[in-house]
Amino acid sequence: MNSIAIRTTNLSKSFGTNVALEQLNLEVPAGVVFGFLGPNGSGKTTTIRLLLGLHQPDNGSAAVLGYDVKTQADEVRAHCGALMEQTGLYERMTALNNLEFYARIWALPKERKDKRIKDLLGELGLWDRRNEIVGGWSRGMKQKLAVSRAMLHEPELIFLDEPTAGLDPVAAAALRDDLEGLARNRGVTVFLTTHNLSEAEKMCQLVAVIRQGKLLQIGKPEDLRRQTGAPQVTVYGSHFTATILAELKQQPDVQTVEDAQDHIVIHLNKKTSSAPLVTWLVGKGVQVEEVQSCQASLEDVFLTLMEEEKNVESN
């Protein structure tokens with residue numbers, strides 16, 4: 001397998017006057033779970049369709065697993081799996097019949113097909129229910145079967161567009177664990193779009209943030225937190241009066257303050273010590289019981305990048 005699974009150079013796409021993607025430059029190493037993050041309408045699905053050769057770019061180029069998406073789209077799709085907006089399942093058929101149908105499309109030999117289906121359904125906890133009609137299944141089970149469908153032909157790379165959207169927290173966590181296991185055990189590169197930033201933080205070794213077709217940042221989640229996210233301090237205690245909180249918000253090292261009655265969360269400027277603020281609070285009469293410092297979450301980083309880009313656009 002190519003050491004770089006995906007490479008794009010100035011990849012651009014417009015639909016009429018709507019710029020869906022603007023000069024995207026991206027490198028995704030093979031064998032990682034890559035998170036592609038952005039709000040609705042930011043260009044995530046368009047990017048996947050371009051990488052699968054389902055759309056033609058207006059400008060720029062892209063290679064997936066070493067294949068050019070313009071001239072070798074069939075080879076790209078032959079070596080990739082995809083779970084997009086629709087599951088691609090036939091709900092009047094059993095789980096087993098669904099996978100056997102797709103195995104015929106991929107022309108898998110019977111011996112390989114039987115083993116592959118049993119392995120995938122076993123790993124995803126569906127083997128004992130293989131003879132059930134899919135239409136009666138929960139959304140979470142259908143999504144697991146759809147992942148099996150996308151993985152059936154042993155692709156080197158799989159595109160997952162919001163795979164846990166609409167699932168309850170338990171089903172989403174189970175599917176997330178299954179996807180991590182498939183990537184880890186089979187060395188598959190996973191290109192994941194999601195609105196669930198805590199999900200991306202747990203799963204992804206590399207993430208990119210996109211807004212209105214423009215790439216804002218790319219890197220390891222921990223690096224983005226360190227570079228972009230401001231640190232925050234949670235102070236537990238009492239006597240957080242409205243006057244004190246108003247004065248605290250005016251301190252030069254403070255970005256924002258969240259009041260949660262028995263504690264406050266102070267969002268600081270980058271690389272700012274919290275000790276002077278705690279001393280200041282004590283001097284104002286706050287009864288401090290506990291102080292917890294932590295880095296910003298990936299969600300904080302995401303919101304910061306969105307706000308910074310919005311400010312740039314308005315100036």
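Between the side chains of Glu258 and His267, a donor-acceptor pair is found at a separation under 3.5 Å. With no hydrogens or angles considered, a side-chain donor-acceptor pair links Asp161 and Thr193 at under 3.5 Å.
A salt bridge links Asp114 with Lys110: the closest approach of a Lys/Arg side-chain nitrogen to an acidic carboxylate oxygen falls below 4.0 angstrom. Under a 4.0 Å N-O distance rule, the pair Lys202/Glu180 does not qualify as a salt bridge.
For the pair Gln217/Val207, no side-chain contact is recorded, criterion being any heavy-atom separation below 4.5 Å from C-beta on. The side-chain heavy atoms of Met203 and Leu192, taken from C-beta on, include a pair separated by under 4.5 Å. In this structure, Ile210 and Leu21 have side chains that are in contact, with non-hydrogen atoms separated by less than 4.5 Å. Considering only heavy atoms from C-beta on, Val76 stays 4.5 Å or farther from Leu51 through its side chain. Between Glu111 and Lys113 there is no side-chain heavy-atom pair separated by less than 4.5 Å. For the pair Leu96 and Leu99, the minimum side-chain heavy-atom distance is 4.5 Å or more. Residues Leu50 and Leu11 form a side-chain contact, since some pair of their non-hydrogen atoms from C-beta on lies under 4.5 Å apart. Using a 4.5 Å heavy-atom cutoff, the side chains of Trp280 and Glu247 are in contact.
Between Ser238 and Val286, the shortest heavy-atom distance links the atoms O-CG1, 3.4 Å. Minimum heavy-atom separation, Pro163 to Leu175: O-CD2, 3.5 Å. The shortest heavy-atom contact between Gln205 and Pro221 is O-CD, 3.6 Å. Considering all non-hydrogen atoms of both residues, Pro155 and Ala150 come closest at CG-O, 3.5 Å.
Note that the OG atom of Ser42 and the CD atom of Gln212 stand 9.0 Å from one another [nearest 0.5 Å]. Taken to the nearest 0.5 Å, the CG atom of Leu206 stands 11.5 Å off from the CZ atom of Phe36. With rounding to the nearest 0.5 Å, the separation of OG1 in Thr189 from NE2 in His79 is 13.0 Å. How far CZ of Arg129 is from CD of Glu132: 4.0 Å, rounded to the nearest 0.5 Å. Taking CE of Met84 as the reference point, atom CD1 of Ile48 lies at 5.0 Å (rounded to 0.5 Å). Taken to the nearest 0.5 Å, the CZ atom of Phe34 stands 10.0 Å off from the CZ atom of Phe159.
In this structure a side-chain-to-backbone donor-acceptor pair under 3.5 Å is missing from Gln251 to Leu277. Counting only distance, with no hydrogens or angles, the side chain of Lys70 and the backbone of Ser61 share no donor-acceptor pair below 3.5 Å. Distance alone, capped at 3.5 Å, places no donor-acceptor pair between the Gln143 side chain and the Arg139 backbone. One N or O on the side chain of Arg116 and one on the backbone of Met151 form a donor-acceptor pair closer than 3.5 Å. With hydrogens and angles disregarded, a donor-acceptor distance shorter than 3.5 Å links the side chain of Thr8 to the backbone of Leu24. Side chain of Lys44 to main chain of Pro39: a donor-acceptor pair is present (N/O by atom type, distance under 3.5 Å, no hydrogens or angles). A side-chain donor-acceptor contact under 3.5 Å links Lys13 to the backbone of Gln56.
No chain of hydrophobic side-chain contacts below 4.5 Å, direct or via other Ile, Leu, Val, Met, Phe, Trp or Tyr residues, connects Leu245 to Tyr236.
Taking the six-membered ring for Trp and thresholds of 30 and 60 degrees, Phe101 and Tyr90 have ring planes more than 60 degrees apart, a perpendicular arrangement. Between His55 and Phe15, the two ring planes are perpendicular [angle over 60°; tilted spans 30° to 60°].
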- request: Evaluate side-chain hydrogen bond (donor to acceptor under 3.5 Å, both in side chains) for Glu289 paired with Gln287, printing each intermediate quantity in order.
  value: CA-CA 6 Å; Glu289 297 175 1; Gln287 299 294 314; over 6 Å; no

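For Ile133, the side-chain contact (heavy atoms from CB on, under 4.5 Å) criterion is met by Thr94, not counting sequence neighbours.
Applying the side-chain hydrogen bond (donor to acceptor under 3.5 Å, both in side chains) test to every pair with at least one member in residues 162-173, sequence neighbours left out, gives these pairs: Glu162-His195, Thr164-Glu199. Identified under the side-chain hydrogen bond (donor to acceptor under 3.5 Å, both in side chains) test for residues 19-34, with sequence neighbours left out: Arg7-Glu27, Asn10-Asn25.
Around the CD atom of Glu290, the shell of radius 6.0 Å holds more than 12 heavy atoms that belong to other residues, nucleotides or ligands. Within a 6.0 Å radius of NZ in Lys115, other residues, nucleotides and ligands contribute 12 heavy atoms or fewer.
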